[in-house]
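Lettering follows sequence order; numbering is per chain, from 1.
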Amino acid sequence: MNYWLFKSEPDEYSLDDLANEKQGFGVWDGIRNYQARNILRDQVSVNDKVLFYYSSCKIPGVAGIAQVVKSAYPDPAQFDPSSKYYDSKATPEKPRWFCVDVKFVKKFDQVVTLKSLKMQQPLSEMTLLKQGRLSVQPVTESEWHYIVTLAKAQ
DNA sequence: GCCAACGTTGGC
DNA sequence: GCCAACGTTGGC
């Protein structure tokens, strides 16, 4: 069982959107960065837990928890010319991009803000704080528990 | 294979 | 809207 942090712009796709999926899960598609793609394809597995992070918004931070229900498969959007995630160099025989399915688990009472994460010494080595611009990233078990505890305390 | 130019992410 | 960090593209 692994822990991850997935970033999403809440205006594009929020934790509420995931919670309201009629089919009971959401497709985590549109990943177009090789480093994130490799993690998604090679390491993310069913039942792994995910911190749902809001980026590029008024209050960036962790909104809650999701869980992986299906491991990587070719992202259908790369084959769809009408999608903004279309990639003309990708074919079904040679897919370039992958997605996973996730389900809603829990929404924190309040977003655990990036600002508050930065103030926590035990989180100072978090990938989130050391490397920007990575939309799928690992979280250690201790970081996971620390953040969940923070969420409960506020 | 190098590297300059350019594009994107994402916090502020 | 700005800009730092970093990824990608493309000429050579």
With heavy-atom distances below 4.5 Å as the criterion, would you say the side chains of A:P138 and A:W4 are in contact? yes
Please work out whether the ring planes of A:Y13 and A:W28 are parallel, tilted or perpendicular, with thresholds of 30° and 60°. perpendicular
Looking across every strand, which nucleic acid part, if any, lies under 4.0 Å from A:S55 by heavy atom: base, sugar-phosphate, or nothing? sugar-phosphate
Check every nucleotide of DNA chain C for an atom under 4.0 Å from a heavy-atom of chain A, then give the first and the last such nucleotide from 5' to 3'. C:dA5 to C:dT8
Using distance only, find each side-chain donor-acceptor pair of residues 120-128 of chain A under 3.5 Å and give its atom names and separation, not counting sequence neighbours.
| from | atom 1 | to | atom 2 | distance (Å) |
| --- | --- | --- | --- | --- |
| A:Q120 | OE1 | A:Y146 | OH | 2.8 |
| A:Q120 | NE2 | A:S116 | O | 3.1 |
| A:S124 | OG | A:Q121 | O | 2.9 |
| A:E125 | OE1 | A:K130 | NZ | 3.2 |

Scan A:K118 against the nucleic acid and name what it touches under 4.0 Å (heavy atoms): base, sugar-phosphate only, or nothing. sugar-phosphate
Under 30°, 30 to 60°, or over 60°: which ring-plane class applies to A:H145 and A:Y3, parallel, tilted or perpendicular? perpendicular
Report which part of the nucleic acid A:Y53 touches: base, sugar-phosphate, or nothing (heavy-atom distance under 4.0 Å, all strands). sugar-phosphate
Taking the side chain as every heavy atom from C-beta outward, state whether A:I65 and A:L15 have any atom pair closer than 4.5 Å. no
Single-linkage hydrophobic cluster, 4.5 Å side-chain cutoff, A:F25 and A:V68 together: no
Rounded distance (nearest 0.5 Å) linking atom CG of A:D80 with atom CG of A:D87: 12.5 Å
Using a cut-off of strictly less than 4.0 Å between a heavy atom of the residue and any atom of DNA chain B, enumerate the qualifying residues of residues 122-135 of chain A by number. A:R133, A:L134
The reported gap from CZ in A:F98 to CG in A:L40 (rounded to nearest 0.5 angstrom) is 9.5 Å
